[in-house]
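First comes the structure, then the notes that go with it.
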Amino acid sequence: MSIRPSVHFAPMELPGKGVLVLFAGEAAGLASSVLPQIGETVARAAASQKFTGKRLATLDILAPAGVDVERILVVGLKGETPLGEEDWLKLGGVVASKTKKAETVTIWCDAADGSLSADAAAGIASGIVLRAYDFDRYKTKKPKKDGEEESADVACAVTLAVADVPAAGTAYELASAVVEGVILARDLVNEPANVLGPIEYVDQINELSAQGIDVEILGEAEMTELKMFALLGVALGSPRGARLAIMRWSGGPEGEAPIAFVGKGVVFDTGGISIKPAGGMEDMKGDMGGSAAVVGLMRALAGRKAKVNVVGIVGLVENAVDGKAQRPGDIVTAMSGTTIEVINTDAEGRLVLADALWYCQDRFQPKFMIDLATLTGAVIVALGNHQAGLFSNNDELSERLHEAGKATGEKVWRLPLGPEYDKLIEGKFADIKNVGSGRAAGSITAAQFLQRFVNDVPWAHLDIAGTAMGSPSNEYNQSWASGFGVRLLNRLVETHYEQK
Ligand code: BES
Ligand code: MN
Ligand code: ZN
């Protein structure tokens, strides 16, 4: 793993070495707390480099004589919108990217308009750690610094100088639980499928019991007993089995109905007999991105001891192809009793989710279910890599997800459902078929398929095919796998479903 920077909080004292990071608000104004020593130098450098304090802009200067630090990095805060949750991550990411070679970094959490809140400091720290993430465990030669065996590509020791150390420490304890969840999700998605099959995935999920999460695993025998033949059919072409993992975090009142998250965990999607073209197929190691978001979310919620009852369910299979693989035209009966004609074995995610969703509502009667899945290439055609597709039978849940998306930067855009689309999956020989007619509305017909298995429970489906992996890197993510969904759903839960 890439080296994780160590982050701590300290009172506001100017450091004796390293890089000092300052924030500039309006008119590049610095905090009065540092003005006497360096205000003059910064003002002159800002004028000569036309630095105006624009949000995320930076000004890198050599420290003047008489000051102990070596460099001063000024980062702008000024923008059209108020600073929010995602901005702090971005600011942290910018600091990390500009202080790569530094051994010690001190971030002065104060600005002309007053000191930064504990949550802001925790957000900056989170942004630094998320930015530093690099999935390099299979690189045998790490980049070297002169004269050193091996070195980090980010600063190792970061101190945030804050007005209220205990408050920032507490805020960061909660924030870092979420960071751990995001990193876990990224790791799972980045991991190749030869290393992470259904069985190995279960090993990882079992480790969550150390966080106080109750983990239960169903194998083929139990799923056969439950008649989950939609899910099991997908796994037929793989020798690596199928698992359903059920994770429970009980942080809310005993007996209160849980909220539920369900994830598609196809560890690799060859397409099955309806095989995919070779170009880019390697990306299908990430076809378990929905499940990774659920696992990462559970890690986050348990890590910060969220006061809510939560169920996470992930269906883990490999969509491979051998003599036992299911064929186009096969008819399977889902746990709900609905019969499904498998027209295209590459539309496998919905088959996995059909049984996982039905099982979830049947066993837990949740307040709502949200599923996440790298479900369709069509959602990338519609929304690109910047927003996830949102489908729901519930306006309130949709609205809340949309708001959480805006706050976290993990944005979602609602697309329609309706009887006219539902018609497109009517089966010829069975109740329904697993694809629509032609390529039209591919993400919607997939969502219509899922809706057949939610039994009218308030439900939302997030199609994260474009956002879980291969989305453009940004200030706080440089990794192929983004961990999309963890921060979004953590925000949703925290804002609306936790006991205060
Ligand atoms: N896992 C894919 C969807 C996908 C595509 C995810 C690209 C990430 C990037 C899914 O199982 C799939 O193959 N969907 C088909 C559905 C079609 C056969 C109706 C698709 O999108 O082509
Ligand atoms: Mn597929
Ligand atoms: Zn798939």
Side-chain angles (χ1 to χ4, degrees), residues 188-190 193 196-198 201 230-231 233-238 242 262-293 314-321 325-330 340-354 356 371-389 391 415 421 424-425 427 432-450 461-472 480-482 484-485:
L188 289 167
V189 173
N190 280 322
L196 192 80
Y201 203 155
L231 185 154
V234 176
L236 286 176
S238 167
V262 178
K264 168 181 173 181
V266 175
V267 296
F268 193 83
D269 181 12
T270 65
I273 288 191
S274 315
I275 199 160
K276 287 183 180 295
M281 207 210 276
E282 66 277 14
D283 284 357
M284 287 302 111
K285 71 173 183 175
D287 208 18
M288 27 58 69
S291 65
V314 294
L316 309 177
V317 296
E318 178 175 41
N319 188 22
V321 50
Q326 76 179 341
R327 294 148 289 260
D330 283 5
I340 306 165
E341 212 176 326
V342 180
I343 302 296
N344 189 321
T345 63
D346 197 11
E348 84 296 342
R350 63 199 76 181
L351 297 169
V352 172
L353 289 174
D371 77 76
L372 300 100
T374 49
L375 204 62
T376 66
V379 83
I380 309 176
V381 177
L383 300 172
N385 301 97
H386 297 284
Q387 304 215 13
F391 303 82
L415 293 165
Y421 295 110
L424 301 176
I425 57 165
I432 52 174
K433 53 181 179 164
N434 77 332
V435 294
S437 326
R439 294 197 304 153
S443 302
I444 304 177
T445 49
Q448 288 297 158
F449 185 97
L450 299 180
H461 156 58
L462 299 174
D463 194 334
I464 59 171
T467 49
M469 59 216 188
S471 52
W480 178 71
S482 62
F484 186 98

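As the structure lists them, so they are numbered: ligands from 1, and atoms in each ligand from 1. Keep in mind that the numbers below use all heavy atoms, side chains included, and drop hydrogens, waters and symmetry copies. One is the number of the first residue; the rest follow in order along the sequence.
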Could you tell me, atom by atom, which parts of ligand 1 come under 4.0 Å of a heavy atom of [X]?
X	result
T374	1 (N), 2 (C), 3 (C), 6 (C)
T376	3 (C), 21 (O)
A465	6 (C), 8 (C)
N344	18 (C)
M469	8 (C)

Open item on the list: Regarding atom 11 (O) of ligand 1: of the candidates K276, E348, M284, R350, which has the closest heavy atom?
Closed with: E348
Task: N/O/S atom of D269 inside 2.8 Å of the Mn ion (ligand 2), strictly under - done: yes
Open item on the list: Can you tell me which portion of R439 lies within the under-4.0 Å heavy-atom range of ligand 1? Options are side chain, backbone, both, or neither.
Closed with: neither
Open item on the list: To check your reading of the site, what angle at the Zn ion (ligand 3) do OE2 of E348 and OD2 of D287 form, to 10°?
Closed with: 100°
Open item on the list: Please report whether ligand 1 has a polar contact with G377, defined as an N or O pair separated by less than 3.5 Å (distance criterion only).
Closed with: yes
Open item on the list: Tell me which N, O or S atom from D269 is the closest to the Zn ion (ligand 3).
Closed with: OD2
Open item on the list: Taking a cutoff of less than 4.0 Å between a non-hydrogen atom of the residue and any ligand atom, is M281 in contact with ligand 1?
Closed with: no
